[in-house]
Amino acid sequence: MSKKTFVSLDQIKEISKTYPTPFHLYDEAGIRENAVKLNKAFAWNKGFKEYFAIKATPNPFILNILKDYNCGVDCSSLTELMMAEALDFEGSDIMFSSNTTPPEEFEFADRLNAIINLDDFTHLDFLEKTIGKIPETISCRFNPGGLFKISTSIMDNPGDAKYGMTKEQIFEAFKILKAKGAKKFGIHAFLASNTVSNEYYSTLAKILFDLAVELRDETGADIKFINLSGGIGIPYLPDVEPNDISVIGENVRKVYEEVLTANGMGDVAIFAELGRFMLGPYGCLVTQAVHEKHTYKEYIGCDASAVNLMRPAMYGAYHHITVAGKENETCDHKYDVTGSLCENNDKFAIDRMLPKIDMGDYLIIHDTGAHGFSMGYNYNGKLKSSELLLKADKSVQMIRRAETPTDYFATFDFTDIFKNI
Ligand SMILES: *Cc1c(COP(=O)(O)O)cnc(C)c1O
């Protein structure tokens, strides 16, 4: 059971002289190569565009790298929209896919000329009242309900998800939007998360393409784009075949030709809002083993905790761990690898077989490039780590400094009480 790291023990030792652990490290070369592959896989579609889901890795340096590959951004909140604005993304490069949206976020999205993707039928009215009009370009999020299956395996349960409109609602929405002046329409759906399957996108595409033909026929709406959103996954477990994006692109192309081209809709653009697939494998959390504890189980305590990476605590998610420099040693010790929060779920691994860990060893926690740092929080007064970029030339750039106690106390009105900190 092995998984390759993009950083060596020697590099970590060197980096940690300047930037103490824990830190998130991103692999610039990996991010760039992967973005090229994505664009290549969908090059058959003239309007193809990836709107990177900012929430996965909200770092301006990362967004600027992706910008080199024609990526836009998918925002879901005010601050994400502000980041898009600060980085000079144009309106057509910003997708605003939010839900339970506060009015000021619609206002701001409209001011940026972002493409608004409506999560709910009642948002038609809400949006119109809030911004005083219906935008010319508008998208609606679809939820087909029921179970979403790929081959024999049930992948997810859209019927239980809070997102999107029913089929009846999306037809009604398109009619109303058109009557109120909308001219360019989009359809969006996100039905299953982290699918490690080359079938997900094309299965979803078939549902949305069929819907697009029906919507055009019944409402006369001019459908300009279909947004397949996020959900292409990565193998967190070792020795699992990753998705092949070129196969995924090809599978979508086949359905596109069968359904859209065949129905005279061969000019519809395909949009994506991938997060995990774009960044997940190209980030890791580096932490140092600082304590060992021998009670009813064997524990390794490290200087990172769930505030730096919440997925294991929150969903019991597996993240592979490599003990730097011990890549070739036998995994003959069973450990719980823990952080320091006063929460028993603050464990990066439970009963994990690893090589013998000595105090001071560096642990590389894999696949934290998406939904890693970004899910961080400050429980127990713990501070968020720095984010570092391992550049293509192997130099390291700090792309976000670590939080300090001053940051933690900055939201009190009476900061002067803490002026001695
Ligand atoms: C989270 C999210 C994404 C990205 O999902 P991944 O699983 O990271 O690909 C894309 N679009 C929307 C609307 C999301 O909420």
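Worth knowing before you read on, the calculation uses all heavy atoms, side chains too, and leaves out hydrogens, waters and symmetry mates. Please read all numbers here as calculations on a predicted model, not as lab measurements. When a ligand or atom number is given, it counts from 1 through the structure's own listing order.
- With a 6.0 Å radius and a threshold of 12 heavy atoms from other residues, nucleotides or ligands, E241 has its CD atom at or below the threshold.
- Within the 6.0 Å centre-distance limit, the rings of F225 and F271 are counted as a close aromatic pair.
- When each atom of ligand 1 is checked for a heavy atom of A53 under 4.0 Å away, the hits are 3 (C), 4 (C), 10 (C).
- Each of the following atoms of ligand 1 lies closer than 4.0 Å to a heavy atom of R141: 13 (C).
- Proximity to R276 (heavy-atom distance under 4.0 Å) selects the following atoms of ligand 1: 6 (P), 7 (O), 8 (O), 9 (O).
- Comment: K46 does not engage D267 in a salt bridge, judged by the lack of any side-chain N to carboxylate O separation of less than 4.0 angstrom.
- At a heavy-atom distance under 4.0 Å, no atom of N194 approaches ligand 1.
- Within ligand 1, counting atoms from 1 as listed, the ones closer than 4.0 Å to a heavy atom of D74 are 10 (C), 11 (N), 12 (C), 13 (C).
- A salt bridge does not link R111 with E85: none of the charged nitrogens is closer than 4.0 Å to a carboxylate oxygen.
- Residue F190 touches ligand 1 through its side chain alone, judged by heavy-atom distances below 4.0 Å.
- Residue pairs meeting the salt bridge (charged side-chain N to carboxylate O under 4.0 Å, His left out) criterion with at least one partner in residues 396-409, sequence neighbours excluded, are K384-E403, E387-R400, R401-D407.
- Which parts of ligand 1 touch G275 is read off a 4.0 Å heavy-atom cut-off, strictly below it: atoms 4 (C), 6 (P), 8 (O), 9 (O).
- When hydrogens are left out, the protein atom nearest atom 10 (C) of ligand 1 is E273 O, 3.0 Å; that is the closest non-hydrogen contact.
- Residue-ligand proximity: S76 is placed with every non-hydrogen atom at 4.0 Å or more from ligand 1.
- Salt-bridge annotation for K180 and E128: present, with a side-chain N of the basic residue lying under 4.0 Å from a carboxylate O of the acidic one.
- Ring planes of H333 and Y335: parallel class, angle under 30° (limits at 30 and 60°).
- Atom numbering of ligand 1 starts at 1 in the shown order; those under 4.0 Å from a heavy atom of S97 are 13 (C).
- Within ligand 1, counting atoms from 1 as listed, the ones closer than 4.0 Å to a heavy atom of G231 are 6 (P), 7 (O), 9 (O).
- Of the protein's heavy atoms, K55 NZ, 1.4 Å lies nearest to atom 1 (C) of ligand 1.
- The 12-atom threshold is not exceeded at CG of N328, counting heavy atoms of other residues, nucleotides or ligands nearer than 6.0 Å.
- For the pair D93 and K49, the salt-bridge criterion is met [side-chain N within less than 4.0 Å of a carboxylate O].
- Ligand-side atoms of ligand 1 in range of H371: 6 (P), 8 (O), range being under 4.0 angstrom from any heavy atom.
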